[in-house]
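Structure record follows, encoded as structure tokens.
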Number of protein chains: 2
Amino acid sequence: MTVADASLTELRVFREVAERGTLTAAATALGYTQSAVSRQIASLERHCGAELVERRHDGVRLTAAGQLVLRRVVTVLEQVDAVSRELAGLPDEHATVRLGWITSAGVGLVPQALAALRDNHPSITVMTREGTTPALVRALRAGTVDLALLASAPPYRAPDEETPALDVQVLTERSLRVAVPASHPLARKDFIELADLHGQPWIAGSGTAMGVWPGLDERPVIAHSVRDWLAKLHLVAAGCGLTTVGDSLSDAVPPGVRVLPVRGGSHEHRRILLAKLPRPLSEPAGRVADALRSRRSDNRGLTRQPLVVMLVP
Amino acid sequence: MTVADASLTELRVFREVAERGTLTAAATALGYTQSAVSRQIASLERHCGAELVERRHDGVRLTAAGQLVLRRVVTVLEQVDAVSRELAGLPDEHATVRLGWITSAGVGLVPQALAALRDNHPSITVMTREGTTPALVRALRAGTVDLALLASAPPYRAPDEETPALDVQVLTERSLRVAVPASHPLARKDFIELADLHGQPWIAGSGTAMGVWPGLDERPVIAHSVRDWLAKLHLVAAGCGLTTVGDSLSDAVPPGVRVLPVRGGSHEHRRILLAKLPRPLSEPAGRVADALRSRRSDNRGLTRQPLVVMLVP
DNA sequence: ATCTGGTATGCGTATATCTCATGACCGTCG
DNA sequence: CGACGGTCATGAGATATACGCATACCAGAT
């Protein structure tokens, strides 16, 4: 009864659980039943002789032992994937970089960087996926992305408390603004007073309070919940409500929408971070990181297709 | 049906097979039956979609795909062992060096080097095991030893033809001699004429022709087959036959044995090589290699116990 | 021709692993 | 406060897996 008796399945399941944060999500991602995943984790824990995840009511979190095991499991599965590719004759997936990004990086940052890469380093393939900050942090830890663009808000804590700490770097720091319908009375001025936001209907991200101005002291009226930025902005244009946006979107909003700063209350800033595991990047991944740091200031990326878009549901 | 569906058991069995060179030997080493090993290999091959071993009538040999897979499997199992140790709280087995050696290195080279190490680097633990040159070469490839002392005879070819080639270094080069009973007529002179060896009874290593002077043009009379050097030399002392020894043993033979050079025929030399995989050694392993290269010239190693007794039957 | 290494395979059984269904727990919302 | 929606755990039963045993087979040495 040692970890040497564990099975590769257990390891894959464990990585997926570490990445998804809940057994159920891992199960659907793997095409298993939740119960199967529960048993696999229990079995792996028995093999390891230690609790690997802390069961919580909103999912699971890795214990110290779990983090320890995950680090090894990641490289094990990397090796397995590598031999898989080698046997298939695909020569070295090393030129492929996996990048994860939060939705708000999908407008300026990612397309511009990818466009620059395509021009300067056409041999590099970038596979990208969208996700939330915690999901991407877990994906970094689980080794399924090499780089991740994360969101950070004051007080700018580290993305997670695990060890080793992630390498992070501030890519952009923008002030938060509010998108209002051009026809809205508030759109007549060049800024909005905090007090004017009282009682306004908000368009939030689905499930979260994101999209609502964070300084309000009232219970906000959530008129709509929508993930997609374009849909969100069109709802604003249609006068259905207000929403918050980073000022990088100011140029990219459809007609009928104005993006204005808010006066009064605390200054609300948002950072986009480039994060990676604290180990050296592959050379192509380094190029991608460079491209993200110093992307071109023109906006060709807005109009041309990204290199590759791969979504992992 | 991809290599990702393989099991850790398959990988362990595969490594053992790669190391032992036959399914049967791997089976007994693992405590399985030969049939189980056969199926495991077949299953792994199905998962890999390629032949991994070439079935021969004297065992199996790795195919190109097999060598490819082995390289990955080695690091996979290393990771698994590592997490196993970490979970047990044993902090980093990195200070342990695994050394394999051929029997003829067990008299001067290994004990002297270990004695020197114990004095100069007492924190380094060395686990050693004895084996034949081909077995140790496979063990190097399979990652179960870090360093190996190998035998080499003219024309001094590389230990194997696989890629990447092993790093080898000549540690000693000695002329081959013959051990004769002190009471034997041949022991009266200080050398032996090749012609005098005709018709002599030989004491060979078990199963091999080792121990018989290689320049003979007749079919030798093998009087005894024995692996152990001490037993062999005592058989010589008892007048049961002759055997070949490296001249490094000249000082270590029991009373009643004389070690003499052979005149006539080709000069027979034997090298002992220090071999390793062509990747950087850990720091302690480097120390062990150093100790083997520049061991003390006194013979304390002959009288004191080696650091660690060997494992692995 | 026989014997002695080696590997492959049919068959029966023990074990492991999945699904389904159900239960317990907790935080949220009406 | 009680229902609901989310989570994980677990018992029962079907199924797939992996083992050992016995045997077949094959090539080389005696």
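Proteins get letters first, then strands, A, B, ... in listed order; numbering begins at 1 in each.
Using a 4.0 Å cut-off between charged nitrogen and carboxylate oxygen, B:R129 and B:E19 count as a salt-bridge pair. In summary, A:R141 and A:E161 do not engage in a salt bridge, as defined by a charged side-chain N under 4.0 Å from a carboxylate O. A salt bridge is absent between B:D160 and B:R138: the closest approach of a Lys/Arg side-chain nitrogen to an acidic carboxylate oxygen does not fall below 4.0 angstrom.
Side-chain N/O atoms of B:R39 and base N/O atoms of D:dG20 include a donor-acceptor pair closer than 3.5 Å.
To the nearest 0.5 Å, atom CD of residue B:Q67 and atom CD of residue B:E162 are 3.5 Å apart.
The NE2-P distance, from A:H57 to C:dG23, rounds to 20 Å in whole Å. Between the CD atom of A:E45 and the P atom of D:dA9 there is a distance of 8 Å, given to the nearest Å. Rounded to an integer number of Å, the gap from B:Y32 OH to D:dC21 P is 14 Å. At whole-Å resolution of the value, NE2 in B:H47 and P in D:dA16 are 15 Å apart.
For C:dC18, one of the phosphate oxygens OP1 or OP2 lies less than 4.0 angstrom from a side-chain nitrogen or oxygen of A:Q40. Taking only side-chain nitrogens and oxygens, B:S35 never comes nearer than 4.0 Å to OP1 or OP2 of D:dC21. Within the structure, every side-chain polar atom (N or O) of A:T33 is placed at least 4.0 Å from both OP1 and OP2 of C:dC18. One finds a side-chain N or O of B:R55 lying less than 4.0 angstrom from the OP1 or OP2 phosphate oxygen of C:dA8.
Each of B:A25 and A:T9 has a nearest nucleotide on DNA chain C; the 5'-most of these lies closest to B:A25.
Counting only heavy atoms from C-beta on, B:V60 has its side chain closest to C:dT7 among C:dT7, D:dC19, D:dC8.
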